[in-house]
Protein chains: 2
Amino acid sequence: MRYVMVQIPNTPASASPAPRSVPTSADVARLAGVSRATVSYVLNNTGAARISEPTRRRVREAAEELGYVPHAAARSLRAGHSRMVLMPAPAFPVGPLYGRFISELQWALGRLGYTVVQYGSVGLHGDEAARAWAELRPVAVLVPGSGPGPRGVALLRRAGARAVVTVGPERVEGAHAVLLDHDGVGHCAGAHLYARGRRRIGVVVPAEPGLEPFSRPRLAGVRAALRGTDAEVTELPLAYEERAAAELAASWRRFGLDAVFAYNDEYAMLLMRALQDEGVRIPDDTAVLGADDLMLGRLLRPRLSTIHIELPAGRDLADLVDRAVRDPGLAPEAHQVLGASVVRRESS
Amino acid sequence: MRYVMVQIPNTPASASPAPRSVPTSADVARLAGVSRATVSYVLNNTGAARISEPTRRRVREAAEELGYVPHAAARSLRAGHSRMVLMPAPAFPVGPLYGRFISELQWALGRLGYTVVQYGSVGLHGDEAARAWAELRPVAVLVPGSGPGPRGVALLRRAGARAVVTVGPERVEGAHAVLLDHDGVGHCAGAHLYARGRRRIGVVVPAEPGLEPFSRPRLAGVRAALRGTDAEVTELPLAYEERAAAELAASWRRFGLDAVFAYNDEYAMLLMRALQDEGVRIPDDTAVLGADDLMLGRLLRPRLSTIHIELPAGRDLADLVDRAVRDPGLAPEAHQVLGASVVRRESS
DNA sequence: TTGAAAGCGCTACCAA
DNA sequence: TTGGTAGCGCTTTCAA
């Protein structure tokens, strides 16, 4: 079905008024009968007690009357810096876990006086994206997922970014890094399944593009956990579609797997359903393990075992950004996020 | 468990170099031995063939060498307008449906030469938020959910926004509106359940804050669909937690409901599981109907009936924004989004 | 073919 | 206690 926009008749009253020009501080000054400097002093509460109360009132009233709003770009141009923290909007589909993390982070940065802006750099890649971000002269850049290369980071720093922080699986030269330990997630999964006596272990790798930075380390972590044991790891590419899951399940017995780590809870649900439809018993024939500890895992039957992931607290990350901004000489640090832990339920 | 940041020792090589000042077009001009005007001409390809090729090369090389990146704020200050489309980041948790919509929209606006910026205005409300947005002097503002009031819209327009578009359930004076027809979703749900012979119909209303703009109209739509019939509607507040669902399910028989419209597929899954655990047969005792047509509905047993929602195509919305920007005199239009349709599976 | 200079809106220094 | 003014980085008109 094709979506169609249907225009609804407007009430005559809603015709827009003639567009006037945007009021500036000069307009406010004129109306209040003072200079632009005075306006600036009053509206920013600088030079504190040095402006008389009547003047202040006149200025404020004039600003109110004109609907004056300061021009952020002009202000930061003059100031030579901004309080903007730029966050490229991630290209991959974000789950609820990550969404909450972003919210919390924005809130924490807001408390510290920063303005968080998510920039949709669709279609831009690598250094090109970094260039686009640099044009905005953010005071800090917070890049989720696999970000710019070292050249991009250098570019951003030259453009005045006092901190570049990547949040993802790998470290980038010149940038602070919050390393999301996806290897650890995989390791945790592998160790758990091994401890449960499983030896032929499948690992789902999403076919969707953009998830490689997460899926690769998770797979590698499973491999690492089982290295030197008698267990065997099989990589299972899987698209997030019913058909793909059904096909995988149809050839399941051929793989001879007694366990599968399904990348996350959503893929686990998809696969588990397909396996059940195929008559595979869970966990008797095959154990299924998810990750992210989403609500839906608790609602499945058998209840889904999962890897609980503790993301960095938004406050901590905000503090890191703030520290780096205040002290740009601060050598880029790498921080390892801890927090992968098994939540065993019924599927493993 | 508390998350902890662990600092990893740095390689000595990663110490940051002395921070130099940000190169400007004047620096480029100096290095290339030309004037700033020439630099501007070359880097923007203006005044087309009027600069000699050798000069162009010198300028480009100088820019490259310095890592020059133009200053967007200075540029738009001079130009008197920007190409920034501001989108307040929604406060409510966005589902995959909405996430895809945003992506598509960003892409489409990007194609039209706009820069999409999501602004995290956590903690700001109403006119205060509008003021914060206005400071950025966006050329257009695209507000998802329940946005600013008429005063906020007026403020934005005075600050130079050539288009204010709300995407949500209600219309705001002075703004273009894309009306997401949540009433229609509820209506569709009510009509379907009635047609299936159900007469005592529950409607889940999420207890989570921020979802009211969607849940209220959906409830109202169900009521509207059943007005004048012998069917009865019961409002069921429900938090997105297992316990809450279990409690609701425990007292289910007391309600005597033979159908429930569960707000969306996720709440439906939550409730359906609780009902099944309670021994309620679906759909025999109670029909369950979700909304949003997510993948997970297809994976439930019985398969979840749902309301498929066709969101506006990003391209269409981008076109609306573009039209409004090009012709600011354009009277605010309201567009009704069509596209609620039943997908009957097994749960109803 | 290139340069000089004005000015976008704002703030901060210095003078009155 | 208030005003004049320079200048942030950029583009664009006018002159050379």
Side-chain angles (χ1 to χ4, degrees), chain A residues 21-60 62-63 66-84 134-139 158-160, chain B residues 21-60 62-63 66-84 134-139 158-160:
Chain A
S21 77
V22 185
T24 72
S25 76
D27 295 322
V28 176
R30 202 155 23 238
L31 182 58
V34 298
S35 76
R36 290 159 59 213
T38 305
V39 171
S40 177
Y41 290 143
V42 171
L43 297 184
N44 295 308
N45 278 325
T46 34
R50 308 167 53 79
I51 308 279
S52 69
E53 198 45 51
T55 307
R56 302 183 97 94
R57 253 217 354 262
R58 282 216 316 283
V59 170
R60 276 198 249 275
L66 292 176
Y68 170 72
V69 175
H71 193 305
R75 175 180 286 173
S76 62
L77 181 59
R78 164 69 221 221
H81 62 257
S82 74
R83 297 285 289 174
M84 184 200 300
E135 292 193 358
L136 298 180
R137 296 289 192 273
V139 70
R158 300 250 284 216
Chain B
S21 76
V22 185
T24 72
S25 76
D27 296 321
V28 176
R30 204 158 19 240
L31 182 59
V34 298
S35 76
R36 293 159 57 211
T38 306
V39 171
S40 178
Y41 288 145
V42 171
L43 297 184
N44 295 308
N45 279 325
T46 34
R50 310 168 53 78
I51 308 281
S52 71
E53 198 47 51
T55 306
R56 303 181 96 94
R57 253 220 351 266
R58 283 215 316 283
V59 170
R60 275 198 251 273
L66 293 175
Y68 169 73
V69 175
H71 191 306
R75 175 179 285 173
S76 61
L77 181 59
R78 163 69 220 219
H81 62 255
S82 74
R83 297 286 287 176
M84 183 201 299
E135 292 193 359
L136 299 180
R137 296 290 192 274
V139 68
R158 300 249 284 217

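Every chain is numbered from 1 and lettered A, B, ... according to where its sequence line falls, protein lines coming before strand lines. Since this is a predicted model, take the numbers as computed values, not measurements.
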Fill in: Where protein sits on nucleotides 2-7 of chain C, one letter per nucleotide: B base, S sugar-phosphate only, - none, heavy atoms under 4.0 Å
BBB-BB

Item to complete: Remember a base hit wins even if backbone is also touched, and classify A/T24 as base, sugar-phosphate or nothing at under 4.0 Å, heavy atoms.
Response: sugar-phosphate

Worksheet, complete the sentence: A/D27 CG to C/dC8 C1', in whole Å, measures 13 Å

Worksheet item: Is B/S25 near enough to D/dC10 that one of its side-chain N or O atoms lies under 4.0 angstrom from OP1 or OP2?
Response: yes

Worksheet item: Roughly, in whole Å, what's the span from NE2 in B/H81 to C1' in D/dC10?
Response: 13 Å

Discussion item. Measuring from atom CG of B/L43 to atom CZ of B/R60, what distance do you get when rounded to the nearest 0.5 angstrom?
Written reply: 7.5 Å

For residues 25-32 of chain A, tabulate all N or O donor-acceptor pairs below 3.5 Å that involve a side-chain atom, not counting sequence neighbours.
unit_1	atom_1	unit_2	atom_2	d
A/D27	OD1	A/R30	NH2	2.6
A/D27	OD2	A/T24	N	2.9

Worksheet item: Can you list the residues that meet the salt bridge (charged side-chain N to carboxylate O under 4.0 Å, His left out) rule with B/R78, with sequence neighbours excluded?
Response: none

Worksheet item: Between D/dA6 atom P and A/L77 atom CG, what is the distance in whole Å?
Response: 17 Å

Response to the item:
To the nearest 10 degrees, the angle between the two end axes of the helix from C/dT1-D/dA16 to C/dA16-D/dT1 (five pairs per end) comes to 50°

Item to complete: Would you kindly give the CZ-to-P distance between A/R75 and C/dC8, to the nearest whole Å?
Response: 19 Å

Discussion item. Output the rounded distance in Å from CD (A/E53) to C1' (D/dT2).
Written reply: 15 Å

Discussion item. Using whole Å, what does the distance between atom P of nucleotide C/dG9 and atom CG of A/N44 come to?
Written reply: 17 Å

Response to the item:
Sorted by position of nearest nucleotide on DNA chain D, 5' first, the leading residue of A/G80 and B/A79 is A/G80

Worksheet item: What pairs with A/S82 under side chain to side chain donor-acceptor pair (under 3.5 Å), at least two apart in sequence or on another chain?
Response: none

Practice prompt. First locate atom CG of A/L77, then atom CG of B/L77, and finally report the distance between them rounded to the nearest 0.5 Å.
Written response: 6.0 Å

Fill in: Nearest-angstrom distance from the residue atom CG of A/L136 to C1' of D/dC10
15 Å

Discussion item. Tell me the closest heavy-atom pair linking A/R56 and A/N45, and the distance in Å.
Written reply: NH2-OD1, 3.5 Å

Discussion item. Could you tell me if the side chain of B/R58 sits less than 4.5 Å from the side chain of B/V34, heavy atoms only?
Written reply: yes

Worksheet, complete the sentence: Here the pair of heavy atoms bringing B/R158 nearest to A/P23 is O-CD, 3.7 Å

Distance-only donor-acceptor hits, side chain of residues 66-76 of chain B, under 3.5 Å, sequence neighbours excluded:
unit_1	atom_1	unit_2	atom_2	d
B/H71	ND1	B/A73	N	3.3
B/H71	ND1	B/A74	N	3.2
B/R75	NH2	B/N44	OD1	3.4
B/S76	OG	B/A72	O	3.3
B/S76	OG	B/A73	O	3.4

